Amino acid sequence: MKILAIDTSCDETSICISDGRKILSNVISSQVELHKKWGGVVPDISRRAHEDNIDQAISEAFKQARIRPADIDYFAATYGPGLAIALEVGLKKAQQMALDNKKPFVPVNHMEGHLLSSFALNSKGTNPTPSDEHLPAIGLLVSGGHTELVLMKNYGEYEILGETLDDAAGEAFDKVSKMLDLGYPGGPIISEFAKKGTSGTYQLPVPMERSGDLNFSYSGLKTACLYKIRDIKEAGSNDKNWVYDFCTDFVNTLIKSLVIKLENAVDSYHPKSILLGGGVMSNVELRRAIRSSMRKRNIPVFQPYSPKLFTDNAAMIAIAAYYNIKYKPENILEGDDISNIDRNPILSLG
Ligand code: KG4
Ligand code: ZN
């Protein structure tokens, strides 16, 4: 079963061709350089860049997969959540390709993609992935737009156990990076700086530590960082390493908040495995903390075979399409129905 999947939900134009769960090509054309000088994603620039890059990315994906458009059995695209005018570009392209080739179209929820990213097989099909015996699972999805704990009861059956009440964790990384004048996107930069610092210098509040629910919140931590950084700058620290130490304490605090909520969710719902997804999961220390905690509980932790599948990519969209085709045939569109589906910027998994 050959699937062509497209994701243009934010600032990456990504095209994947898969054979079932096996990823044959996963082209990611990043717009980071275009958005850098604005310190964040500018929707209009994003739309134009998707339009400029998408055809080239599609050709490249076919070339790498050694497959022709006529070989594709299903066309898929993200229809939400994400930036409306960015989503539109990939969605319309995939819908048109399905119509032109007289094939079915699979609309995919971007967060289902992040959740199922661990189920992707590399081109040789050799990596370990979760299987039926690992369900129910709990997914911890941490990205620039979302921070969610999702109970996966079965393929296509999800319940959101907790989510952020304000900013997403990735957003906190990006904003704190801006406060420290470190650049965009903040996640990778702060993660690198954090490795060079010593912990315990700056006391930051662990968000929602004792909230009694499974929700997250990062605006308080962000504000605490803003005041702390202002105080440090005003005091004129002689220690040129303070930024490293600050990043270490910020990252540790954020990790603590995520691990506490994951532990609470696991103790309440007793899942058979944990699925990690989203750009912030690129942080090695975060994954180490989660693995260490789950090892004590004897619960296996799954992550995608490549770190490229944590940040936005179309391989995870192909995987979500694959499971929709297999278990949710009612979601597959054919003929005139294909054009009826529109982008949904606030689409949810629940
Ligand atoms: O999943 P993703 O690519 O896009 C969304 O769906 O939002 O996540 C992007 C987020 C950004 O906030 C970025 O700063 C963060 O993931 N990120 C990281 C790292 N790499 C990317 N955060 C922490 N550590 C990293 N190494
Ligand atoms: Zn994403």
Side-chain angles (χ1 to χ4, degrees), residues 114 117-118 138-150 161-177 179-180 182 185-211 213-226 228-229 242-267 271 273-297 299-304 307 310-311:
H114 278 303
S117 55
S118 304
I138 285 185
L140 178 56
L141 312 181
V142 194
S143 71
H146 293 80
T147 308
E148 287 177 355
L149 276 164
V150 182
L161 303 178
E163 62 194 325
T164 183
L165 304 175
D166 39 58
D167 293 359
E171 220 173 326
F173 268 100
D174 296 332
K175 287 178 178 166
V176 170
S177 177
M179 292 172 201
L180 293 167
L182 298 181
I189 307 171
I190 292 207
S191 294
E192 276 312 303
F193 271 52
K195 286 183 195 163
K196 299 179 190 158
T198 313
S199 66
T201 319
Y202 302 102
Q203 302 302 319
L204 294 165
V206 179
M208 306 283 280
E209 194 174 9
R210 278 181 275 276
S211 67
D213 57 20
L214 297 173
N215 290 324
F216 305 89
S217 161
Y218 292 101
S219 72
L221 176 60
K222 186 184 69 184
T223 309
C225 287
L226 184 70
K228 265 258 143 89
I229 293 167
W242 75 265
V243 178
Y244 298 134
D245 295 343
F246 190 87
C247 288
T248 308
D249 283 328
F250 167 72
V251 171
N252 286 346
T253 305
L254 202 134
I255 290 176
K256 204 166 166 189
S257 77
L258 291 166
V259 173
I260 288 172
K261 291 301 163 103
L262 177 63
E263 288 173 344
N264 291 346
V266 165
D267 295 344
S273 70
I274 303 299
L275 310 173
L276 306 183
V280 177
M281 282 296 167
S282 313
N283 184 290
V284 182
E285 295 306 323
L286 170 59
R287 298 204 306 270
R288 198 171 286 154
I290 291 171
R291 285 189 182 282
S292 152
S293 163
M294 293 304 124
R295 203 174 297 123
K296 289 179 203 138
R297 290 168 166 78
I299 299 179
V301 177
F302 290 95
Q303 67 180 71
F310 280 131
T311 41

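All values derive from a computational prediction rather than experimental measurement. Note that the numbering runs from 1 along the sequence shown for the chain.
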**Request:** Using the salt bridge (charged side-chain N to carboxylate O under 4.0 Å, His left out) rule, collect all pairs that involve residues 277-287, keeping only residues at least two apart or in two chains.
**Result:** E285-R288
**Message:** Could you check whether any side-chain N or O of K261 sits under 3.5 Å from a backbone N or O of E163, counting only pairs where one atom can act as donor and the other as acceptor?
**Reply:** no
**Request:** Please work out whether the ring planes of Y244 and F193 are parallel, tilted or perpendicular, with thresholds of 30° and 60°.
**Result:** tilted
**Request:** Give the C-alpha distance, both sets of side-chain angles, the deciding distance and a yes or no for side chain to side chain contact (heavy atoms under 4.5 Å, CB included) between D267 and R297.
**Result:** CA-CA 9 Å; D267 295 344; R297 290 168 166 78; 3.1 Å; yes
**Asked** Are S117 and L275 close enough that some pair of their side-chain heavy atoms sits under 4.5 Å apart?
**Response** no
**Asked** With S257, which residues qualify under side-chain hydrogen bond (donor to acceptor under 3.5 Å, both in side chains), at least two apart?
**Response** Y218
**Item:** Check against side chain to side chain contact (heavy atoms under 4.5 Å, CB included), T164 and E171
**Value:** CA-CA 11 Å; T164 183; E171 220 173 326; over 6 Å; no
**Request:** For residues T248 and T198, determine if any side-chain heavy atom of one lies less than 4.5 Å from a side-chain heavy atom of the other.
**Result:** no
**Message:** I need the full list of salt bridge (charged side-chain N to carboxylate O under 4.0 Å, His left out) pairs touching residues 242-260, with sequence neighbours left out, sorted by first then second residue.
**Reply:** none
**Message:** Rounded at 0.5 Å granularity, tell me how far CE in M281 sits from NE2 in H114.
**Reply:** 11.0 Å
**Closest contact, heavy atoms only, G278 versus S143** = CA-CB, 4.3 Å
**V176: which of I190, L226, V251, L182 passes side-chain contact (heavy atoms from CB on, under 4.5 Å)** = I190
**Request:** Using the test ring pair (Phe, Tyr, Trp, His ring centres under 6.0 Å), find all partners of F216 that sit at least two apart in sequence or belong to another chain.
**Result:** none
**Prompt:** Taking the side chain as C-beta and beyond, is there a heavy-atom pair between M208 and I260 under 4.5 Å?
**Reply:** no
**Request:** Determine the minimum heavy-atom distance between P304 and L276, stating which atoms define it.
**Result:** CD-O, 3.7 Å
**Close side-chain approach of C247 to L180, heavy-atom, < 4.5 Å** = yes
**Asked** Yes or no on side chain to side chain contact (heavy atoms under 4.5 Å, CB included) for V301 and R291, after CA distance, side-chain angles and deciding distance?
**Response** CA-CA 7 Å; V301 177; R291 285 189 182 282; 3.5 Å; yes
**Prompt:** When rounded to the nearest 0.5 angstrom, what distance separates CD1 in I290 from CG in L262?
**Reply:** 6.0 Å
**Item:** Atom pair CG/CG of L258 and L149 - distance to nearest 0.5 Å
**Value:** 8.5 Å
**Fill in**
Rounding to 0.5 Å, atoms OG (S199) and CG (N252) come to a distance of 5.5 Å
**Message:** Can you tell me how far apart OG (S211) and CG (L165) are? Round to the nearest 0.5 Å.
**Reply:** 8.0 Å
**Request:** Using the test side-chain hydrogen bond (donor to acceptor under 3.5 Å, both in side chains), find all partners of D167 that sit at least two apart in sequence or belong to another chain.
**Result:** K175, K222
**Item:** Nearest heavy atoms of S191 and N283, plus distance in Å
**Value:** OG-ND2, 2.9 Å
**Message:** Treating T147 as the side-chain partner and A169 as the backbone partner, does any N or O pair qualify as donor plus acceptor under 3.5 Å?
**Reply:** yes
**Item:** Nearest non-hydrogen partners of I299 and P271, listed with the distance
**Value:** CD1-O, 4.0 Å
**Asked** What heavy-atom pair brings A172 and L254 nearest, and what distance separates the two atoms?
**Response** CB-CD1, 4.2 Å
**Prompt:** If only atom types and distance count, is the side chain of T223 paired as donor or acceptor with the main-chain N or O of S219 below 3.5 Å?
**Reply:** yes
**Item:** Criterion side chain to side chain contact (heavy atoms under 4.5 Å, CB included) on N264 and L214, from CA distance to verdict
**Value:** CA-CA 7 Å; N264 291 346; L214 297 173; 3.6 Å; yes
**Least distance between heavy atoms, N215 atom then G162 atom** = OD1-CA, 3.3 Å
**Message:** Any non-hydrogen side-chain atom of F310 less than 4.5 Å from a side-chain atom of V142?
**Reply:** no
**Prompt:** Do the non-hydrogen side-chain atoms of S292 and K296 ever get within less than 4.5 Å of each other?
**Reply:** yes
**Message:** Under the rule for ring pair (Phe, Tyr, Trp, His ring centres under 6.0 Å), what residues qualify as partners of F246, not counting sequence neighbours?
**Reply:** Y202
**Asked** Under a 4.5 Å cut-off applied to non-hydrogen side-chain atoms, are S273 and P300 in contact?
**Response** yes
